Amino acid sequence: MVLAGLVPFFLAYTTTHTDTLEIINTRNLNCGVGDNAVTNGYVHLKNGHMFFSLFEGKNEAKNSGLVVQFEGGPGATAFDYPFIGAGPCQLTPEGESSLSGLSPAPYPWTDYVNLLVVDYPIGTGWSYNTSDQNPASTSDRAAEEFDDFLQVILKQWPQFQSQPLIMSTLSYGGTTGAHIAATILKRNQAVQDQLFPRRVVKQFDQLLFGKPFADAISEIYSQWDVLCNDEPKAYNQTVCNNLRNNLTPCLDKLRYLEDIESTQEFRKDAVQDCIQSVEINFKAPAYNRYHRSRPKCWPTNTQDMREWLGVTGHIEKWWYAGPALLRFINSADIMQNAYKLLQPVLESGTRLLVHNGIEDTMVMPSGTVSWMKRLPNPHLQSFRSSEVQQVSNHIMKGTVINPGSDYSHIAIEEAGHIVIETHAALLQEMVKEAVQGRNYNPSS
Ligand SMILES: *[C@@H]1O[C@H](CO)[C@@H](O)[C@H](O)[C@H]1NC(C)=O
Ligand SMILES: *[C@@H]1O[C@H](CO)[C@@H](O)[C@H](O)[C@H]1NC(C)=O
């Protein structure tokens, strides 16, 4: 009798409850200086399966907070970061071969915090969907999938509900991350009057954005400006004239999207004037756009690279970055100004720390500062009236705007797009300060 009564309840529960967590394994990552627990798994959602690894913080850091790391693209895997400095072990040419080429990272984030690395959106890295699943192709809908994912994580590890929560992302993560922060806030507000809400009400304490692409307009005119007018110049006069001719129609179309309506059709139309071909973006420039003082990385001898990598003959395009990228390109998601979504997030008390590498010409410091100077938020006036201060300390040289506040910008000399590559100590310091409840201040 009791069982019969329970069965319908159980069925109802399992059919409505699709968001489940599967732990694949918990591994001990050891690169010669002690044990590091890493838990790997999937969160199964209605639209797909999101892969994550939880790198446990060392000793007391276990109780200090959670940094959630995902990357840009959209569609770029986040699994470089934990092995190029953020995790306890890194891949280096001189790494011990008996330890899979790993050696201890000199400035791991895990000394201060727990690190959750996630392949996002669905269709990135090891996150996938099956043919009957229909994952989001735009960052607004994908943010709902992220929130569903995070809810499952926070229920599985309830200790993180009361620890500082930090979002760390880069590049296109400026767009997807702004949507995520705004969606979580909106969903939290929707249940604020409920006594026992079904969701975990938890908000990000800090957003740590590396060279965020968060406003198409600012990025497009600052790219033209930097690539065609700064020394060294990226392009010859012919290419620059072309870019200049496209600029006005491009900006006109982006204003229409911003002010009137943002349909997929109009966004795709804007792409025609605003986005250059892969050849113009990466082959034509005189330098490596991810790090201006390095030689460009266009494969001049594709055959060698193909053989070395073992790519099969019929695959033509080496820059293919996976299903998530293709879905987002098809919806022209990039033609938007996601930074505006951050206004309520900042008003609700979340801090924002943004940094750019000065040698990066994919997402320029000037474009980032441009939208930061017109994002309405409680710190806008102090940001606008703050001078650009020069900084030089033991971990960075560069500039800072509005240092020591909850809304500040740091530009780093000699750093390119992947700042952790050259400035691991600086990023560790940013994470350490975030966990303590403040933005890193390079001038203190
Ligand atoms: C989901 O994945 C399958 C491959 O398993 C793919 O054919 C399908 O198009 C995907 N759906 C979306 C919306 O990407
Ligand atoms: C300028 O650069 C483009 C792209 O690399 C190239 O196709 C073109 O021939 C160049 N034009 C001149 C005049 O050098």
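Only a predicted model underlies this, so the values are computations on that prediction, with no experimental measurement involved. Side chains included, hydrogens not; waters and symmetry mates left out as well; all remaining heavy atoms used. One-based numbering, in listed order, for ligands and for the atoms of each.
Residue-ligand proximity, Ala284 to ligand 2, at heavy-atom distances under 4.0 Å covers atoms 4 (C), 5 (O). Atoms of ligand 2 lying under 4.0 Å from at least one heavy atom of Val239, given by number and element, are 2 (O), 3 (C), 4 (C). Atoms of ligand 2 found under 4.0 Å from any heavy atom of Thr238 (numbered from 1 in listed order, with element): 11 (N), 13 (C).
In this structure Asn236 satisfies the side-chain contact (heavy atoms from CB on, under 4.5 Å) test together with Thr238, Val239, sequence neighbours excluded. Remark: Asp215 engages Arg374 in a salt bridge (Lys or Arg N to Asp or Glu O under 4.0 Å) (not counting sequence neighbours).
A distance of 6.0 Å or more separates the ring centres of Tyr120 and Phe149.
The side chain to side chain contact (heavy atoms under 4.5 Å, CB included) with Tyr407 is formed by just one residue from the set Leu375, Leu353, Asn439; it is Leu375. For the side chain to side chain contact (heavy atoms under 4.5 Å, CB included) with Met335, the lone residue among Ile217, Asp269, Leu257 that qualifies is Leu257.
Enumerated by chain and number, the residues approaching ligand 1 to less than 4.0 Å through a heavy atom are Asn129, Thr130, Ser131, Gln133, Asn134, Pro135, Arg327.
Note on residues 41-51: pairs passing side-chain hydrogen bond (donor to acceptor under 3.5 Å, both in side chains), not counting sequence neighbours, are Glu22-His44, His44-His49, Asn47-Glu145, His49-Gln133.
Side-chain atoms of Arg292 come within 3.5 Å of backbone N or O of Ile358 as a donor-acceptor pair.
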